[in-house]
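This report refers to the structure that appears directly beneath it.
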Amino acid sequence: MKAAKPAKTFDAVEMMRTIRENITRETEYMSFQELQQYMQQKLKASGFHPTPPSS
């Protein structure tokens with residue numbers, strides 16, 4: 001007999017799809033240069049560094 005699965009409190013796939021849809025809507029009509037600026041702004045705001053800072 002299988003144990004009943006607990007109800008999900010967080011759905012990562014749904015969250016990923018929502019984020020992807022929002023980004024698509026925000027960037028839909030952007031030129032390549034505008035898209036680059038958008039990505040730089042988002043990276044800066046997030047605090048994420050794609051390359052480690054040099055020592």
Side-chain angles (χ1 to χ4, degrees):
M1 179 179 227
K2 288 187 175 181
K5 290 184 180 180
K8 282 186 179 182
T9 59
F10 177 74
D11 189 346
V13 174
E14 182 180 342
M15 184 180 105
M16 180 209 49
R17 288 178 178 161
T18 301
I19 292 169
R20 185 185 299 154
E21 288 170 4
N22 290 340
I23 292 170
T24 299
R25 265 190 242 108
E26 289 176 6
T27 61
E28 189 172 12
Y29 299 107
M30 288 185 181
S31 67
F32 182 70
Q33 289 79 19
E34 291 170 327
L35 186 57
Q36 285 180 314
Q37 289 175 344
Y38 172 87
M39 291 171 56
Q40 288 297 325
Q41 290 171 350
K42 292 294 184 178
L43 283 172
K44 188 180 263 189
S46 74
F48 176 75
H49 297 282
T51 55
S54 58
S55 303

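Please read all numbers here as calculations on a predicted model, not as lab measurements. Keep in mind that the numbers below use all heavy atoms, side chains included, and drop hydrogens, waters and symmetry copies.
- Ile19 and Leu43 end up in different hydrophobic clusters when Ile, Leu, Val, Met, Phe, Trp and Tyr side chains are linked at under 4.5 Å.
- Residue Glu28 places its CD atom among more than 12 non-hydrogen atoms of other residues, nucleotides or ligands, all under 6.0 Å distant.
- Rounding to the nearest 0.5 angstrom, the gap separating the CE atom in Met39 from the NZ atom in Lys42 is 12.0 Å.
- Rounding to the nearest 0.5 angstrom, the gap separating the CD1 atom in Ile23 from the CD atom in Glu21 is 11.0 Å.
- The distance from atom CE of Met30 to atom OH of Tyr38, rounded to the nearest 0.5 Å, is 6.5 Å.
- Considering CD of Gln36 and CD of Gln40, their distance stands at 8.0 Å, rounded to 0.5 Å.
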